[in-house]
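Position 1 is the first residue of the sequence; numbering continues from there. No hydrogens, no waters, no symmetry mates; every other heavy atom, side chains included, goes into these values.
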Amino acid sequence: MANASSGLFSPSVPNLRFKVPPFLGIPIPRFDRFSPKVVCFAAPIPHKTPPASASSSPSQPRLVSQGCKLVGCGSAIPSLQISNDDLSKFVDTSDEWISTRTGIRSRRVLSGKDNLSNLAADAARKALEMANVDPDDLDLILMCTSTPDDLFGSGPQIQKELGCKTNPLAYDITAACSGFLLGLISAASHIRGSGFKNVLVIGADAISRYVDWTDRGTCILFGDAAGAVLVQACDSDEDGLFSFDLHSDGSGLRHLNVSIKQNDSNDALDSSNGSVLDFPPRLSSYSCLQMNGKEVFRFAVRCVPQSIECALEKAGLPASSIDWLLLHQANQRIIDAVATRLEVPSERVISNLANYGNTSAASIPLALDEAVRSGKVKAGQTIAAAGFGAGLTWGSAIIRWG
């Protein structure tokens, strides 16, 4: 069963030198007080033998520890494309300014009657088709998004769009740009700990809904997209998730957030005739995205390589064993800095940032899908993937494709 905080699973991959480091009890450092090196640690899970009556009861579910692997992927993008030149027509910027600082040249934006649920369902269908899995064979759908079409989540709508007659559980995971990675680990936990066979993980976001399109510091960065993978149960010797490393630090929220704001209207309050002070509450909505780009950059180039190094150590693998480095597509300078720190050559770094910008939870599965379908990523190859963003949250996983 999985140890969610450590990224360690049992059984381990047979051909890897897997060692569980001792528990050191060292707290995760604050965002503004990072130590030079992240210490990897894991607390052993205490084993308790259930009483004979419980183990023999037919109503007691049997938890089977098993492997899991990625067997299908898909992606979908809106039809509307916005270039850097398009942005320069209504905000003080230029193609050269944007591409030099970010590596982005264009992005896709939802428009008209498009919605995120349809985009996500399209990506999901492609992943199921590649995996040759029927929607009715799904055990779980994880919709990783911070911008659902409904405040209460879009997961069940994806289930409806796919036409699942068996009513599998579907729910949302909200972790911004780290969302897909958390969804991937959650899928593995459900498979290893609950005996699920097919889990669909979707990363989809429409950050364009919360961007101030007059702010050149943020509007140039984001785009909309959806990506999906099918995670499937397998024998332990075929396991495709070697290790992971996950963290969060709420003290960094001030550097990247979309906070609640109260509307100026007093209609609701006026209708109460002042009978109850401050009630009914004012109507509220979310503000535009606020980001301190310099601080987020510093956070990413320090924490992401540390997390990947930690995940590699847990897996018992050297950095040289990585076939591909796949990072959240936020800024090409961040991607280059992390690759340099890990000594991964540019030809082994996956990047499609130039065409789509930062698509939040969609960025990793979108880039993976393009790399797989183009023949760049092949079955059996090892990928070091890492996500980072609002929360602040960050983490990495060492996975094998196919």
Visitor: Would a 4.5 Å heavy-atom cut-off, applied to side chains only, mark Val201 and Cys144 as touching?
Guide: yes

Visitor: Among Leu353, Ile334, Asn358, which one satisfies side chain to side chain contact (heavy atoms under 4.5 Å, CB included) with His328?
Guide: Asn358

Visitor: Please check this pair: side chain of Thr382 against backbone of Arg400, looking for a donor-acceptor N/O pair closer than 3.5 Å.
Guide: no

Visitor: Does one side chain, of Thr145 or Asp205, offer a donor that lies under 3.5 Å from an acceptor on the other?
Guide: yes

Visitor: The test is side chain to side chain contact (heavy atoms under 4.5 Å, CB included); show your working for Ser186 and Ile173 and say whether it passes.
Guide: CA-CA 9 Å; Ser186 296; Ile173 293 178; 3.9 Å; yes

Visitor: Any donor and acceptor pair, going by atom type alone, linking the side chain of Arg373 with main-chain N or O of Cys73 inside 3.5 Å?
Guide: yes

Visitor: Establish, from distance only, whether the side-chain atoms of Ser154 and Asp149 form a donor-acceptor pair under 3.5 Å.
Guide: no

Visitor: Could you tell me whether the side chain of Val296 reaches within less than 4.5 Å of the side chain of Asn331, counting heavy atoms only?
Guide: no

Visitor: Between Tyr286 and Tyr210, how do the two ring planes meet: parallel, tilted or perpendicular, split at 30° and 60°?
Guide: perpendicular

Visitor: For the side chain of Trp213 and the backbone of Ser208, is there at least one donor-acceptor N/O pair under 3.5 Å apart?
Guide: yes

Visitor: Only pairs under 3.5 Å count here: list side-chain donor-acceptor contacts from residues 120-132, not counting sequence neighbours, and write none if there are none.
Guide:
unit_1, atom_1, unit_2, atom_2, d
Arg125, NH2, Glu161, O, 3.2
Lys126, NZ, Ser75, O, 2.9

Visitor: My understanding is that only residues two or more places apart in sequence, or in another chain, count here; which of them pass salt bridge (charged side-chain N to carboxylate O under 4.0 Å, His left out) with Asp137?
Guide: none

Visitor: May I ask you to test the Val199-Ile191 pair for a side-chain heavy-atom distance under 4.5 Å?
Guide: yes

Visitor: As a quick check of understanding, evaluate side chain to side chain contact (heavy atoms under 4.5 Å, CB included) for Val349 and Trp324, giving each step before the final call.
Guide: CA-CA 6 Å; Val349 177; Trp324 297 103; over 6 Å; no

Visitor: Roughly how far, to the nearest 0.5 Å, is CD1 of Ile335 from OG of Ser346?
Guide: 12.0 Å

Visitor: Are the side chains of Trp401 and Asp323 in contact, using a 4.5 Å heavy-atom criterion?
Guide: no

Visitor: For the atom pair CD (Gln81) and CZ (Arg105), what is the distance rounded to the nearest 0.5 Å?
Guide: 12.5 Å

Visitor: For Arg192 and Asp239, run salt bridge (Lys or Arg N to Asp or Glu O under 4.0 Å): C-alpha distance rounded to whole Å, both residues' side-chain angles, the deciding distance at 0.1 Å, then the answer.
Guide: CA-CA 11 Å; Arg192 298 175 191 274; Asp239 196 356; 2.9 Å; yes

Visitor: Roughly how far, to the nearest 0.5 Å, is the SG atom of Cys68 from the CG atom of Leu230?
Guide: 11.5 Å

Visitor: Please report the shortest heavy-atom distance between Cys234 and Glu238, naming the atom on each side.
Guide: CB-OE1, 3.5 Å

Visitor: Measure across Gly391 and Leu253 and return the closest heavy-atom pair with its distance rounded to 0.1 Å.
Guide: O-CB, 4.2 Å

Visitor: Might you confirm whether atom CZ of Arg348 has over 12 heavy atoms from other residues, nucleotides or ligands at distances under 6.0 Å?
Guide: yes

Visitor: Establish, from distance only, whether the side-chain atoms of Ser83 and Asp86 form a donor-acceptor pair under 3.5 Å.
Guide: yes

Visitor: Can you give me the closest heavy-atom contact between Ile82 and Val109, atom names plus distance?
Guide: CG1-CG2, 4.0 Å

Visitor: When you measure from the side chain of Asp224 to the backbone N and O of Leu110, does any donor-acceptor pair fall under 3.5 Å?
Guide: yes

Visitor: Answer whether the closest heavy-atom distance between the side chains of Asp114 and Leu80 falls below 4.5 Å.
Guide: no

Visitor: For the residue pair Ser307 and Trp394, what are the closest heavy atoms and their distance?
Guide: CB-CD1, 4.1 Å

Visitor: With side-chain hydrogen bond (donor to acceptor under 3.5 Å, both in side chains) as the criterion, how do Asp245 and Ser396 come out once you've worked through the C-alpha distance, each side chain's angles and the decisive distance to 0.1 Å?
Guide: CA-CA 5 Å; Asp245 176 75; Ser396 60; 4.6 Å; no

Visitor: For Ala176 and Ser360, work out which heavy atoms get closest and say how close.
Guide: C-OG, 3.5 Å

Visitor: Yes or no on side chain to side chain contact (heavy atoms under 4.5 Å, CB included) for Tyr171 and Leu140, after CA distance, side-chain angles and deciding distance?
Guide: CA-CA 8 Å; Tyr171 63 89; Leu140 175 65; 3.7 Å; yes

Visitor: What pair of heavy atoms forms the shortest contact from Ala311 to Ser243, and how long is it?
Guide: O-OG, 2.6 Å

Visitor: Would a 4.5 Å heavy-atom cut-off, applied to side chains only, mark Leu342 and Pro305 as touching?
Guide: yes

Visitor: When rounded to the nearest 0.5 angstrom, what is the spacing between CG in Leu256 and CG in Leu289?
Guide: 5.5 Å

Visitor: I'd like to know if Glu309 pairs up with Arg341 as an ion pair, taking the criterion as any Lys NZ or Arg NE/NH1/NH2 lying under 4.0 Å from an Asp or Glu carboxylate oxygen.
Guide: yes

Visitor: Is the number of heavy atoms from other residues, nucleotides or ligands within 6.0 Å of CZ (Phe152) greater than 12?
Guide: no

Visitor: Is there a donor-acceptor contact under 3.5 Å from the side chain of Thr100 to the main chain of Trp97?
Guide: no

Visitor: Do Ser94 and Asn84 have side chains that approach each other closer than 4.5 Å (heavy atoms only, starting at C-beta)?
Guide: no

Visitor: Report the residue from Arg107, Gln329, Glu370, Arg108 that forms a side chain to side chain donor-acceptor pair (under 3.5 Å) with Tyr356.
Guide: Glu370

Visitor: Give a yes or no on whether the backbone of Asn118 and the side-chain of Asn115 come within a donor-acceptor separation of less than 3.5 Å.
Guide: yes

Visitor: May I ask you to check whether Ser259 and Gln290 show a side-chain donor-acceptor distance below 3.5 Å?
Guide: no

Visitor: Side chains of Ile308 and Val338: closer than 4.5 Å at any heavy-atom pair?
Guide: yes

Visitor: What's the separation between atom CG in Asp92 and atom OG1 in Thr214, rounded to the nearest 0.5 Å?
Guide: 12.0 Å

Visitor: Output, in order, the C-alpha distance, side-chain angles, deciding distance and verdict of side chain to side chain contact (heavy atoms under 4.5 Å, CB included) for Ile141 and Leu162.
Guide: CA-CA 10 Å; Ile141 299 171; Leu162 294 178; 4.1 Å; yes

Visitor: What's the spacing between Ile104 CD1 and Ile98 CD1 if we round to 0.5 Å?
Guide: 8.0 Å

